[in-house]
Amino acid sequence: MSTMVQAIRMALHVGEERLGVTDIFGEDVGPPLGGVFTQTVGLKTTWNSPLDERGIVGAAIGLALAGQKPVCEIQFCDYAFNTIDLLKLAGAMLWSSNGQWNLPMVLMTPVGSGIHGSIYHSHSFDATATRLPGWKIVMPSNPRDAYGLMLSAIKDPNPVMFLAPKALLRQKALPGEEVPGAPTDERQLAKMIDAPLGDRSKWRPDWPAVEDLFIPIGQARTVRAGRDVTVVCYGRMVQVCTKAADELATEGIEVEVIDLRSLWPYDWAALKESIGRTHRVIFVNEETEVTNFGEHLIRRTVEELFYELHAPPRLLAGAHVPGIGLADNLEQASVPQRDGIVKAMREIAQHAP
Amino acid sequence: MSTMVQAIRMALHVGEERLGVTDIFGEDVGPPLGGVFTQTVGLKTTWNSPLDERGIVGAAIGLALAGQKPVCEIQFCDYAFNTIDLLKLAGAMLWSSNGQWNLPMVLMTPVGSGIHGSIYHSHSFDATATRLPGWKIVMPSNPRDAYGLMLSAIKDPNPVMFLAPKALLRQKALPGEEVPGAPTDERQLAKMIDAPLGDRSKWRPDWPAVEDLFIPIGQARTVRAGRDVTVVCYGRMVQVCTKAADELATEGIEVEVIDLRSLWPYDWAALKESIGRTHRVIFVNEETEVTNFGEHLIRRTVEELFYELHAPPRLLAGAHVPGIGLADNLEQASVPQRDGIVKAMREIAQHAP
Amino acid sequence: MTTSHVHEHHGKDSGLAPELLVQMHAHMVMTRVLEERLIRMQKQGDGYFWIGGPGEEALNVPLGMLVDRGEGPMHDYLHLHYRSSGTVLAMGADPIDSLRQMKSTASDPYSGGRNFCNHYSFKKWNVVPVSSPIEVQFSMAPGTAIANKRAGGRGITIVQGGDAGTAEGDFPTCLVWSSRPENPLPLLMIVANNHWGISTPAATQHGEKRISDRGKAFGIECATIDANDPEVAYRGLKRAIDYVRNERRPYLLEAYVSRLYGHSSSSGANFIGEEVDCLKRFEQKLAERGILTQKHMDDLHTRYTQELLEASKRVREEAPPRGEQIYDHVFVDVDGERDPAAMLPKGTR
Amino acid sequence: MTTSHVHEHHGKDSGLAPELLVQMHAHMVMTRVLEERLIRMQKQGDGYFWIGGPGEEALNVPLGMLVDRGEGPMHDYLHLHYRSSGTVLAMGADPIDSLRQMKSTASDPYSGGRNFCNHYSFKKWNVVPVSSPIEVQFSMAPGTAIANKRAGGRGITIVQGGDAGTAEGDFPTCLVWSSRPENPLPLLMIVANNHWGISTPAATQHGEKRISDRGKAFGIECATIDANDPEVAYRGLKRAIDYVRNERRPYLLEAYVSRLYGHSSSSGANFIGEEVDCLKRFEQKLAERGILTQKHMDDLHTRYTQELLEASKRVREEAPPRGEQIYDHVFVDVDGERDPAAMLPKGTR
Ligand SMILES: Cc1ncc(C[n+]2csc(CCOP(=O)(O)OP(=O)(O)O)c2C)c(N)n1
Ligand SMILES: Cc1ncc(C[n+]2csc(CCOP(=O)(O)OP(=O)(O)O)c2C)c(N)n1
Ligand SMILES: [Mg+2]
Ligand SMILES: [Mg+2]
């Protein structure tokens with residue numbers, strides 16, 4: 001049972017060995033630490049950067065321009081907001097040069113709340129990311145998807161942003177969510193690839209023979225089938241919504257939970273099919289609720305499926321306030337919680353047109 | 001008949017004389033140029049800054065922290081994308097200090113396409129701006145509103161962003177859109193407040209006795225009443241939509257055009273009343289169409305007015321591509337045009353549920 | 001003239017009055033004890049995260065003692081970082097408020113339970129809110145310095161950050177904006193150089209022999225000092241502050257400090273034996289010079305520790321903020337206007 | 001050793017071969033003629049906006065002549081700005097393509113009618129796309145320089161911008177990243193100092209005596225030269241490029257240049273008599289030294305002018321891009337994958 005952070009690390013290792021990754025870099029990404037979540041420890045091409053997010057994104061663009069395959073990290077997405085101009089530039093490089101320069105780069109960054117991160121370690125990035133034409137955006141909800149999406153991101157010749165739900169990084173894989181080829185015994189895996197505490201200068205990882213797994217960018221996953229309501233979510237909200245759906249099942253309400261996995265491009269075909277069947281849909285994410293990507297999905301839904309709907313589509317998202325406060329009550333009042341989701345699911349299921 | 005750029009200049013003058021404005025600054029804002037659109041020429045408190053948008057926003061925050069009343073400018077909103085972290089910080093200052101520090105600052109910046117500005121002088125900023133909790137956002141569509149919204153922005157004790165549709169800056173006021181107290185003879189006004197070409201070191205403006213006009217932030221304006229369709233727009237799109245509505249009137253279709261004027265807070269009461277009457281609504285803006293503020297308004301509409309709607313709500317917005325190309329055909333294909341708006345209005349008006 | 005040199009004064013008398021040294025020592029002890037209490041609280045589950053300034057006391061306490069404290073541009077503005085506990089305590093902050101912020105209580109006067117510990121804000125003393133993003137304070141500082149200069153008094157702006165943070169564009173922004181020929185500013189920039197950025201040694205990322213050299217190209221007065229010695233730090237700060245106050249021009253001060261408990265609770269927050277302990281070193285000197293006895297100093301340490309232990313117990317009883325309070329302080333109301341927060345679509349959560 | 005000095009060699013022989021000077025002169029004339037043609041086109045309504053490099057020929061032409069031209073990290077990468085016409089023409093660019101970009105034709109090879117004139121892009125020559133935002137090229141340049149160094153050849157990265165732009169954080173980002181002790185980079189930074197930022201005189205905003213001094217704190221080799229003299233510029237550039245090629249370390253070169261037609265068409269694009277005209281000055285020297293006759297030089301000017309006039313007529317006949325092409329080149333396709341642009345909701349426009 002690997003964790004998501006182990007899955008990411010194994011994917012980056014495969015990237016180095018089989019997919020031509022040349023540089024994995026960012027603040028504290030290289031030795032001795034190997035990432036604030038240990039996501040890059042023991043890898044071959046890692047290096048530490050100066051404390052300069054603009055320099056990190058800029059260097060990644062430059063490396064990609066020169067045909068290298070960089071994976072750069074912004075330590076927390078909360079610290080990427082001084083680089084939006086460079087992210088826009090990266091997304092525009094191919095387009096503005098009329099097809100001359102593509103950028104084979106990956107930018108990975110931890111997102112979302114759930115670790116008591118206070119104002120600057122709780123930001124979401126999906127709204128901002130989906131406003132960057134020229135970028136593909138992926139966001140896994142479990143170790144297997146993290147592994148398969150990272151491999152696809154690395155293989156992709158375009159800029160791809162990998163948003164890692166930080167609250168899930170240390171969770172163990174559930175059955176069916178394992179990284180193919182990785183030992184299922186967690187003790188054994190930890191011994192192989194987790195760095196020892198203290199001095200690691202002599203330690204070398206013993207990488208398991210993991211298999212290729214390329215989860216197509218743009219392909220959603222139905223986590224839980226259901227006939228009554230469609231719930232579209234991603235990242236940390238997938239587990240919360242699935243638990244909420246299980247709870248409602250005891251009331252005889254069958255909720256279909258779709259994990260979008262790719263935010264851009266996104267799997268409209270899957271959404272259309274499901275909403276066409278259930279006629280009721282809720283979009284759930286942690287991002288602040290105004291000018292929110294879920295609102296785009298609602299727009300698309302009413303644009304194409306208006307007469308399919310038996311209830312107004314709903315959005316459950318973060319409060320439109322300047323930050324997520326540290327105190328428990330504040331964080332819980334700021335992002336969707338299981339109870340609220342259950343309540344919304346029940347309301348929409350029981351809604352009579 | 002003053003132009004919008006003259007109206008802004010007169011409002012800034014009133015700000016200096018009657019509302020305590022201490023600093024009007026930014027790149028080329030001070031002498032000799034007085035702004036790339038002449039919006040700040042002849043004013044008392046203007047000064048030029050280094051070519052550093054982060055420094056501009058940072059200095060404005062610092063000035064506001066120290067109880068000054070700065071109006072800072074980002075020369076084109078296209079160049080504000082390396083300052084989003086600072087804009088977020090400004091919006092969070094009061095909230096994160098639990099109410100201790102408010103920031104009485106105004107940030108003004110030209111937005112939108114329509115002057116053949118190519119990739120970096122055509123950006124819209126409304127989607128990004130409405131994702132900044134703690135900021136109020138205004139965007140005028142004519143000289144009078146520009147004047148009245150700027151005065152309210154200056155008076156407001158919170159950070160206010162003033163988005164100026166650059167394609168309208170040099171248009172003359174239509175009847176009813178004049179700045180109260182300004183001479184209606186344009187030659188006379190120009191002689192009084194427009195700087196001469198060439199050396200201006202000795203020139204001094206002769207300010208007209210303009211009156212106070214505080215257009216409440218959060219109050220929309222019905223530009224054109226109509227029973228059949230509601231169109232919600234702002235900035236440059238207001239004229240385009242109004243012309244389109246006039247065209248449709250000849251077909252007996254009466255379109256109501258609402259100029260939002262304030263994007264945050266926005267006048268939901270006015271929208272609700274109108275949509276409740278017409279049962280059909282189109283939202284129009286120039287911003288790229290994915291994770292777009294108009295999508296928020298559609299979400300709010302289906303959330304609260306779903307059963308009032310006799311047709312799916314529509315969004316007309318900019319193409320989701322990396323930039324706005326310079327060639328005419330490219331720009332026109334990228335942002336809403338009158339023909340497309342007329343077509344959409346006709347479709348939604350004739351739409352049979 | 002632009003200078004850059006390391007002052008070394010260990011051992012020999014600094015010429016500072018004994019009373020001053022005693023007061024300085026007391027503030028340093030309280031700062032250390034407070035940080036150790038915060039670390040303990042976090043480890044005991046009375047807080048989620050710790051970051052703070054043990055190892056910077058010899059720099060931050062003298063700074064707090066030298067500040068012209070007050071509200072408005074006639075007084076000094078401070079743009080501090082998350083290791084500045086010594087400065088605010090020396091200015092007169094009540095340590096229990098730091099415990100409140102650690103415990104995220106509604107009574108936390110700095111952020112109402114919203115921000116991490118050591119994220120200070122004192123409107124009445126011109127201490128602007130400390131924020132987590134590194135170095136942004138260097139972009140804001142010129143603004144308050146313009147106000148100081150305009151006010152025509154002797155107030156100045158002081159901004160402080162770490163060494164790794166100088167790689168951000170905000171640091172040179174401050175160099176450029178404070179030295180504009182059109183309007184040079186009374187602005188003291190302090191770089192607390194502990195030679196680390198979390199896990200990254202400065203020597204691997206920074207080619208500067210001295211960070212303070214970066215001021216030279218701008219004609220900015222600059223110096224580098226060993227701020228593990230509070231007497232050296234006091235005199236270095238005083239020289240810098242006097243210069244900025246009188247000349248109304250910028251000054252860049254690089255100060256070597258220690259990071260005694262590592263970066264933060266994320267890295268364990270355990271005492272690092274290899275780093276110089278400025279407090280221990282200072283106490284040896286005070287004892288040698290017969291200014292204070294070790295006994296007196298130990299007693300002080302014990303008393304403060306006891307006081308803060310009791311304070312932490314009291315804080316444990318204080319209420320947390322309520323969920324609906326997230327909507328407080330988004331805007332200050334403009335009379336007559338409906339609170340825009342009330343106009344929000346309130347999605348279910 | 002770090003140096004910073006202004007070389008002055010006017011009048012006296014620079015030791016450069018006459019053939020080289022003749023070639024240099026021809027490129028400078030073509031560059032000037034091209035810019036004047038672009039200006040005329042804009043004024044005649046054959047383009048919306050002009051910005052370019054008249055006044056920088058004496059710097060940019062020698063640069064283009066000294067570049068190791070080719071594709072990939074074994075050759076030089078160039079991150080240029082919107083005044084770099086002289087560099088790309090000296091490298092062999094066809095001037096008609098600049099007219100195409102001015103006219104926004106579909107045949108514009110640099111941007112397909114999407115970008116302003118003088119926004120070059122040559123994949124085959126490592127000239128990365130010029131973009132309008134000031135100074136961002138200084139944040140990207142370290143990336144290509146890392147690739148140059150890794151490739152193990154003699155290729156280097158050259159990045160160029162203006163003087164006002166050095167106030168952006170991207171400039172110091174380049175200083176920090178190119179001089180990291182862990183991995184110093186073969187990176188030549190050129191600041192074309194024309195003493196203006198649109199309407200703002202550098203002297204009002206910049207306290208640096210020399211911009212090149214900003215490299216000193218990082219131990220970066222630096223120099224300031226008078227690049228209104230192409231011989232001085234050639235030798236200054238050669239010294240800098242040789243150093244970077246051989247030492248695989250960064251170099252900061254500040255070059256004084258003129259802005260002969262003002263900032264852009266927004267400021268009128270009229271000839272500014274007060275500024276030094278590097279081409280005129282160079283032609284006087286070539287005549288004095290008997291290297292070229294004024295007649296020959298005038299004829300060249302006339303011939304190029306005629307050529308570009310005819311080219312501009314041809315370009316006028318070329319087709320503009322079609323509206324639906326806005327969706328081209330958003331992504332490069334990954335085999336088997338549906339083009340994501342096709343998945344877009346296409347709102348009416
Ligand atoms: C803009 C930004 N990037 C990254 C971080 C994460 N982070 C927190 S502290 C730190 C290191 C700061 O080092 P330095 O500036 O030397 O200050 P020190 O902590 O050593 O006192 C980093 C990278 C942050 N808080 N802000
Ligand atoms: C980030 C950014 N801010 C503002 C502008 C608008 N602008 C275009 S050119 C210019 C002045 C540039 O001056 P300098 O760097 O000295 O280069 P020069 O034009 O003098 O060659 C400005 C402010 C821009 N293009 N990019
Ligand atoms: Mg440090
Ligand atoms: Mg310049």
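Within every chain, numbering begins at 1; the chains are lettered A, B, ... in the order of the sequence lines, protein sequences first and strands thereafter. The figures that follow rest on heavy atoms only: side chains count, while hydrogens, waters and symmetry mates do not. Since we're looking at a predicted model, the values are computed, not measured.
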Trainee: Out of curiosity, C:Lys103 NZ to A:Leu326 CG, how far, rounded to the nearest 0.5 Å?
Mentor: 11.0 Å
Trainee: Just give me the residue among A:Pro32, A:Ser49, A:Gly323, A:Gly55 that pairs up with chain C most often, heavy atom to heavy atom, under 4.5 Å.
Mentor: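 Most pairs with chain C among the choices: A:Ser49.
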Trainee: Return the orientation label for the A:His116 and C:Tyr48 ring planes: parallel under 30°, perpendicular over 60°, tilted otherwise.
Mentor: parallel
Trainee: Under 4.5 Å, heavy atom to heavy atom, which residues of residues 108-119 of chain C contact chain A?
Mentor: C:Gly112, C:Gly113, C:Arg114, C:Asn115, C:Phe116
Trainee: If you count heavy-atom pairs under 4.5 Å with chain C, which of A:Val36, A:Val284, A:Asn82, A:Leu33 comes out on top?
Mentor: A:Leu33
Trainee: Who in residues 257-273 of chain C is close to chain A, using a strict under-4.5 Å heavy-atom cut-off?
Mentor: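 Within residues 257-273 of chain C, no residue comes under 4.5 Å of chain A, counting heavy atoms only.
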Trainee: Just wondering, are more than 12 heavy atoms of other shown residues or ligands nearer than 6.0 Å to NZ in C:Lys123?
Mentor: yes
Trainee: If you define the side chain from C-beta out and look only at heavy atoms, does anything of A:Gln75 sit under 4.5 Å from C:Ile198?
Mentor: yes
Trainee: Using non-hydrogen atoms and a 4.5 Å limit, figure out which bit of A:Pro50 sits close to chain C: side chain, backbone, both or neither.
Mentor: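 Contact with chain C: backbone and side chain both.
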Trainee: Any side-chain heavy-atom pair from A:Leu330 and C:Arg322 closer than 4.5 angstrom?
Mentor: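 Counting from C-beta outward, A:Leu330 and C:Arg322 never come under 4.5 Å.
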Trainee: Hey, does C:Ser132 have a side-chain heavy atom less than 4.5 Å from the side chain of A:Tyr79?
Mentor: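 Of all side-chain heavy-atom pairs linking C:Ser132 with A:Tyr79, at least one is under 4.5 Å.
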Trainee: Can you name the nearest heavy-atom pair linking A:Ala333 to C:Ile326, along with the distance?
Mentor: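 Heavy atoms only, the tightest pair is O-CD1, 3.4 Å.
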Trainee: Using a cut-off of under 4.5 Å for heavy-atom pairs, which of A:Gly30, A:Gly325, A:Ser118 has the most such pairs with chain C?
Mentor: A:Ser118
Trainee: Using side-chain contact (heavy atoms from CB on, under 4.5 Å), reason through C:Thr204 and A:Asn48 one step at a time and then give a plain yes or no.
Mentor: CA-CA 9 Å; C:Thr204 61; A:Asn48 294 320; 5.5 Å; no
Trainee: Can you give me the closest heavy-atom contact between C:Gly197 and A:Asp28, atom names plus distance?
Mentor: O-OD1, 3.1 Å
Trainee: Need one label for A:Asp78: side chain, backbone, both or neither, based on atoms under 4.5 Å from any heavy atom in chain C.
Mentor: neither
Trainee: Please step through side-chain contact (heavy atoms from CB on, under 4.5 Å) for the pair A:Glu53 and C:Glu168, ending with a clear verdict.
Mentor: CA-CA 8 Å; A:Glu53 289 73 20; C:Glu168 296 276 4; 2.5 Å; yes
Trainee: Closest heavy-atom contact between A:Leu51 and C:Ala164?
Mentor: CB-O, 3.4 Å
Trainee: Where do C:Pro321 and A:Asn329 come nearest, in terms of heavy atoms and distance?
Mentor: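 Scanning both residues completely, I find the closest heavy atoms to be O-ND2, 2.7 Å.
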